[in-house]
Amino acid sequence: MNSSENDIPYSFEVTATAAELHETHADLCPDERSGVSVSVAGRLMLRRVQGRICFGTLDDASGRRIQLFATQTDTNEYRSFARLSVGDWVGAAGEVIKTRRGELSVEVSTWHLLAEARRPFPDKWHGLADIDARYRRRYVDLWVSPESRLRLQTRSRMISSMRRLLEEKGFIEVETPMLHPIAGGAAARPFVTHHNSLNCDFYLRVAPELYLKRLVVGGLSKVFEIGRVFRNEGLSPRHSPEFTMLELYQAYADYRDIMELTESLISEVALASVGTTEVIAGDQILNLAPPWRRVGMEEVVAEVTGCELTADLDAAEARRTAAKLGVEVEAGSSAGQVLSEVYERVVEGTLLGPVFVCDFPVEVSPLARRHRSRAGLVERFEAVAAGRELANAFSELTDPDEQRGRFAFQGQSAGQDECEPATIDEDYLSALEYGLPPTGGLGIGIDRLTMLLCATESIRDVIAFPTLRPTPAEEGEPAEQRQATCS
RNA sequence: GCCCCCGUAGCCUAGCCCGGUCAAGGCAGCGGACUUUUAAUCCGUUGAUCGUGGGUUCGAAUCCCACCGGGGGUACCA
């Protein structure tokens, strides 16, 4: 089609969606007319010209499609209509009818081209098979692959129900900095960026944890944040350099309270977003309805491996047990580190769940409070479903002196890696010195939860625009030049 | 970072293993027929230096090397 912008209207009044029409006119019989006039708009996905009549399939992203029925006698500009391309945006007005073959349709009397698809759409039947193209040109993928659109819709419903549930429970949503002078709250390699007028480097946050707990010190006793965090590490079907986390903190609560909160939150979010607590995990089905099983890490490791491996074991003996199980550990590893390593390597992946794996070794949990009765462990749990970590939570460590000691210990091990800034967050310690009440904290990976609810295996499927290597065209002019023109 | 696999017209694929009328088919596009189609159908037709660059060879989509992009695995990831 040859169209100029002059031919395109500035607005178009839509009076019905395809989904609404299918609902309202479900009882129309074949070859029956409704007498109702509507106007619809969307993308033309198929077109069948039959001489003096023409059928088109309109997709308006409402979840259903509606057929457009045009005839030479009744349709304005019929000849042009019959020449529309697959992918063109069309607004059409006319009576709702059912064709002789029983397909609900809008019999087009007037119509407008709303946007021309100048680039050809992918194969109407096969769609986009090239995975790279699906991620790089998601705007095409969303039309061609309904399941892609569905996943983003599910994600949206999930997050909005999560907000609603937390607000109902008295939590307030807050926003903490993304630019951190010190990358804290998780042991991940950060992205570094530079602020020109302050002339200093910042790290993109790897977790909001330390700032959220500062707010609890400040008296905001139930806070949560849903936001992006950034980790400069490898990509995989389960890891994206930027991903979305929910973190929440509740004063006066311990990790047992947080378990109850977690299982109710996740099961209700599942109900609200996919309508069921049963989700498919490979060839199995798991049920997210509470209560979830609670089991100690030491117990679940014994259960799965048949080996007694506890945090208070002699370190050398623990390492021998790991070797027997085929798990490589570093030479000087403590029993707690070995326990955690064996759990992650051989146990976690086998757990269908949902299950709370509780009481982690203190060495791998620098921000969690010591267990009230078990030596060498902390009050921490991970929620596991389909062999993957869904949530991580603990009774927060509130003692500033012990926190300083834990940071120092982490600094020693992190110091071996020259890329890891091992700076201690003195301001956070000072916040603790002003007093953090007993607090329970929780982190949920939103992308992983979406994957579980959508039964998909790749994190890229639940992120609209996943991180990819830029194409040469996207890299554009060199950074130095850009900086010079901006400053 | 390392290992394995993939890259053919706008889209989906065949050909690659055993180099030589192999650059093929379908959809889309373009021209034509058609008043009830559902990936409409029928007739005709345009379109690809086979990811890029080297090499081997009389001859390479096909074999070799490097690079680019992607996928999977692995490593890093309190």
Side-chain angles (χ1 to χ4, degrees), chain A residues 1 30-31 45-57 65-75 78 82-83 85-87 97-105 107 117-137 140-141 144 183-190 206-207 209 229 231-241 243 328 334 336-337 340-341 344-345 360-368 378 380 382 389 392 394 397 406-407 409-414 416-417 419-420 422 457-458 460 466 468-475:
Chain A
M1 270 213 69
D31 213 14
M45 302 308 287
L46 285 171
R47 196 203 56 184
R48 299 174 289 279
V49 186
Q50 212 108 139
R52 271 167 252 154
I53 63 167
C54 172
F55 303 91
T57 303
R65 292 174 169 189
I66 185 75
Q67 179 167 269
L68 300 181
F69 175 58
T71 67
Q72 189 168 42
T73 44
D74 300 321
T75 303
Y78 173 78
R83 293 175 61 87
S85 297
V86 168
I97 63 158
K98 205 164 236 180
T99 60
R100 282 180 215 162
R101 296 291 177 90
E103 181 77 25
L104 191 70
S105 310
E107 189 182 62
R118 299 191 190 184
R119 296 179 186 246
F121 252 55
D123 191 295
K124 60 189 173 188
W125 184 246
H126 296 101
L128 267 187
D130 183 350
I131 290 169
D132 185 39
R134 295 184 62 158
Y135 298 150
R136 288 195 194 275
R137 295 213 286 254
V140 176
D141 179 48
V144 169
R189 188 170 298 179
V206 294
E209 173 152 3
V229 299
R231 297 186 181 178
N232 202 344
E233 277 151 13
L235 291 79
S236 87
R238 288 161 296 284
H239 298 86
S240 170
F243 62 99
E328 282 184 39
S334 66
Q337 286 166 328
S340 162
E341 198 68 15
E344 280 183 25
R345 299 280 165 200
F360 281 51
V362 64
E363 299 93 314
V364 298
S365 314
L367 298 163
V378 294
R380 170 181 173 188
E382 282 187 3
E389 175 195 341
N392 182 20
F394 20 94
L397 175 54
R406 300 268 197 100
F407 278 156
F409 175 78
Q410 295 303 320
Q412 283 167 21
S413 19
Q416 296 161 357
D417 181 353
C419 299
E420 203 69 40
E457 289 300 307
S458 175
R460 293 180 175 118
L468 296 172
R469 194 179 294 276
T471 60
E474 287 169 333
E475 282 175 307

J.: When rounded to the nearest Å, what value does the distance between P atoms of B:rU57 and B:rG69 take?
T.: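 Looking at atom P only, B:rU57 and B:rG69 are 31 Å apart.
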J.: Provide, to the nearest angstrom, the distance between the CD atom belonging to A:E363 and the P atom belonging to B:rA78.
T.: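 In whole Å, B:rA78 P and A:E363 CD are 14 Å from each other.
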J.: Can you tell me the distance, in whole Å, between the CD atom of A:Q72 and the P atom of B:rU35?
T.: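 In whole Å, B:rU35 P and A:Q72 CD are 9 Å from each other.
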J.: Which nucleotide wins on minimum distance to the side chain of A:A188, given the candidates B:rC77, B:rA78, B:rA40?
T.: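 Ranking B:rC77, B:rA78, B:rA40 by closest atom to the A:A188 side chain puts B:rC77 first.
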J.: Considering heavy-atom distances to RNA chain B, does A:T71 or A:I131 have its closest nucleotide positioned more toward the 5' end?
T.: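 In this pair, the answer is A:T71.
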J.: Classify the side chain of A:E103 versus the base of B:rU38 as yes if they form a donor-acceptor pair under 3.5 Å and no if they do not.
T.: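 Yes, a donor-acceptor pair under 3.5 Å.
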J.: So which nucleotide from B:rA78, B:rG31, B:rC11 ends up closest to the side chain of A:P366?
T.: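 Within the option list, the nearest is B:rA78.
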J.: Can you find a side chain N or O atom of A:R345 that sits less than 4.0 Å from OP1 or OP2 on B:rA75?
T.: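 Yes, A:R345 has a side-chain N/O under 4.0 Å of OP1/OP2 on B:rA75.
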J.: Between A:L468 and A:D132, does the side-chain contact (heavy atoms from CB on, under 4.5 Å) criterion hold? Intermediate values first, please.
T.: CA-CA 9 Å; A:L468 296 172; A:D132 185 39; 4.1 Å; yes
J.: What integer number of Å spans the C1' atoms of B:rA48 and B:rA24?
T.: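 Pairwise C1' distance, B:rA48 against B:rA24, rounds to 12 Å.
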J.: How many whole angstroms separate atom CG of A:N232 from atom P of B:rC77?
T.: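 Whole-Å distance recorded here is 14 Å.
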J.: In whole Å, I'd like the distance from the CZ atom of A:R137 to the C1' atom of B:rC11.
T.: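 Answer to the nearest Å: 10 Å.
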J.: Specify the residue among A:R460 and A:H239 whose closest nucleotide of RNA chain B lies further upstream toward the 5′ end.
T.: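 Looking at RNA chain B, the more 5' nearest nucleotide goes with A:R460.
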J.: Please confirm whether the shortest side-chain N or O distance from A:R136 to OP1 or OP2 of B:rG70 is below 4.0 Å.
T.: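 Answer yes for this pair, as a side-chain N or O of A:R136 is under 4.0 Å from OP1 or OP2.
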J.: If I pick the C1' atom on B:rC5 and the same atom on B:rU49, what distance separates them, to the nearest angstrom?
T.: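 It works out to 27 Å between them.
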J.: Let's see if you can work this out: which of B:rC34, B:rG71, B:rA40 has an atom nearest to the side-chain heavy atoms of A:V49?
T.: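 Looking only at heavy atoms from C-beta outward on A:V49, the closest nucleotide is B:rC34.
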